[in-house]
Amino acid sequence: MPHAAPRIAPGQTATTRAIVVERYGGPEELRLRDIELPPLASNEVRIRHTVIGVNFIDVYCRTGFFDLLKPPGVPGMEAAGMIEAVGSAVSGFSAGDRVAYACPPVGAYSERRNMAPELLVHLSDDITDEIAAAGLLKGVSASFLLHDVHAVKPVKSSSSMRRPAASASCWCNGRVISARR
């Protein structure tokens with residue numbers, strides 16, 4: 001049974017630990033430090049991350065190749081966790097809800113952060129935080145490539161055409177998982 005979400009008053013502040021990029025460069029520019037969380041806006045939720053996704057786009061942000069992070073800043077765009085507070089204008093989310101996201105703005109390399117609820121997905125009990133944090137961006141990317149960049153359509157089969165078996169694999173928790181149809 002969901003429990004009531006604590007409400008955060010406007011102007012109330014908190015701190016969290018985060019990996020901060022002090023200036024563009026290599027991994028030596030990453031620093032663990034305490035940062036201030038902005039006050040929770042009425043239309044935001046505060047998430048306590050349990051797992052963050054680490055993706056190659058984070059390297060592009062850290063080096064300045066992509067213009068998504070301005071130093072000093074916190075990289076990362078994929079994470080899973082639990083909502084710990086809900087702004088007064090938010091509906092559909094409660095403290096204790098498990099959620100994940102895979103999108104800008106950057107800031108996932110932190111213990112806690114504020115997010116707009118429309119950027120979040122609820123997690124069902126059968127999806128672990130690790131799978132959600134590691135796989136959500138990959139799923140969004142696959143959907144985008146298959147449906148928006150180049151729509152995949154059925155191929156008319158003929159007796160002279162052979163259809164190869166479909167297969168896929170991914171890296172998950174230190175092992176390769178393969179699927180073959």
Side-chain angles (χ1 to χ4, degrees), residues 1-9 12-19 32 34-35 37-59 61 68 74-149 151-152 165-181:
M1 180 108 168
H3 51 284
R7 300 291 175 176
I8 303 282
Q12 187 176 350
T13 62
T15 60
T16 191
R17 289 189 317 164
I19 302 291
L32 178 63
D34 288 330
I35 62 169
L37 280 169
L40 186 65
S42 63
N43 62 342
E44 292 179 323
V45 299
R46 179 159 295 156
I47 303 166
R48 178 175 297 281
H49 291 144
T50 53
V51 181
I52 63 166
V54 178
N55 298 287
F56 201 77
I57 193 171
D58 302 339
V59 173
C61 291
L68 294 169
V74 179
M77 292 190 286
E78 188 173 24
M82 185 172 294
I83 293 177
E84 75 175 16
V86 178
S88 61
V90 172
S91 62
F93 290 91
S94 299
D97 286 354
R98 292 178 55 245
V99 295
Y101 62 90
C103 60
V106 294
Y109 285 23
S110 59
E111 289 181 338
R112 296 158 53 216
R113 78 178 296 190
N114 300 342
M115 287 286 286
E118 60 269 13
L119 301 175
L120 306 175
V121 294
H122 284 97
L123 295 178
S124 61
D125 291 340
D126 61 337
I127 299 174
T128 66
D129 291 1
E130 291 82 3
I131 295 297
L136 190 56
L137 184 61
K138 286 85 177 156
V140 170
S141 297
S143 177
F144 173 72
L145 292 171
L146 291 172
H147 301 291
D148 298 330
V149 172
V152 175
S167 65
S169 63
C170 66
W171 186 260
C172 179
N173 292 332
R175 60 191 167 137
V176 175
I177 298 173
S178 297
R180 199 166 173 88
R181 184 179 64 157

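Proximity of R98 to D129: side-chain heavy atoms (C-beta onward) are separated by under 4.5 Å at one or more points. Using a 4.5 Å heavy-atom threshold, the side chains of N55 and K138 count as touching. Residues I47 and L120 meet the side-chain proximity criterion, which asks for heavy atoms closer than 4.5 Å.
With S42 contributing its side chain and S88 its backbone, the two residues share no donor-acceptor pair below 3.5 Å. Formation of a donor-acceptor pair under 3.5 Å by the R113 side chain with backbone atoms of V106 is found in this model. Of the possible polar contacts, one joining the R112 side chain to the T15 backbone as a donor-acceptor pair under 3.5 Å is found.
Rounded to the nearest 0.5 Å, atoms CD (E118) and CZ (F93) are 8.5 Å apart. One finds the CG atom of L32 at 7.5 Å from the CG atom of D34 (value rounded to the nearest 0.5 Å). To the nearest 0.5 Å, atom CD of residue E111 and atom CD1 of residue I19 are 9.5 Å apart. To the nearest 0.5 Å, atoms CG (L123) and CE (M82) are separated by 10.0 Å.
The heavy-atom pair separating G81 from T50 by the smallest distance is CA-OG1, 3.6 Å. Of all heavy-atom pairs between G53 and D58, the closest is O-OD2, 3.8 Å. Contact record, L119 with C103: CB-SG, 3.8 Å, taken as the closest heavy-atom pair. Nearest heavy atoms, A133 versus I52: CB-C, 4.0 Å. Taking each heavy atom of A132 and A80 in turn, the nearest pair found is CB-CB, 4.2 Å. The shortest heavy-atom contact between L68 and M77 is CD1-CE, 4.0 Å.
When I83, N114, V86 are each tested for a side chain to side chain contact (heavy atoms under 4.5 Å, CB included) with R46, only one passes: N114.
Checked against the 6.0 Å centroid threshold, Y109 and H49 do not count as a close aromatic pair.
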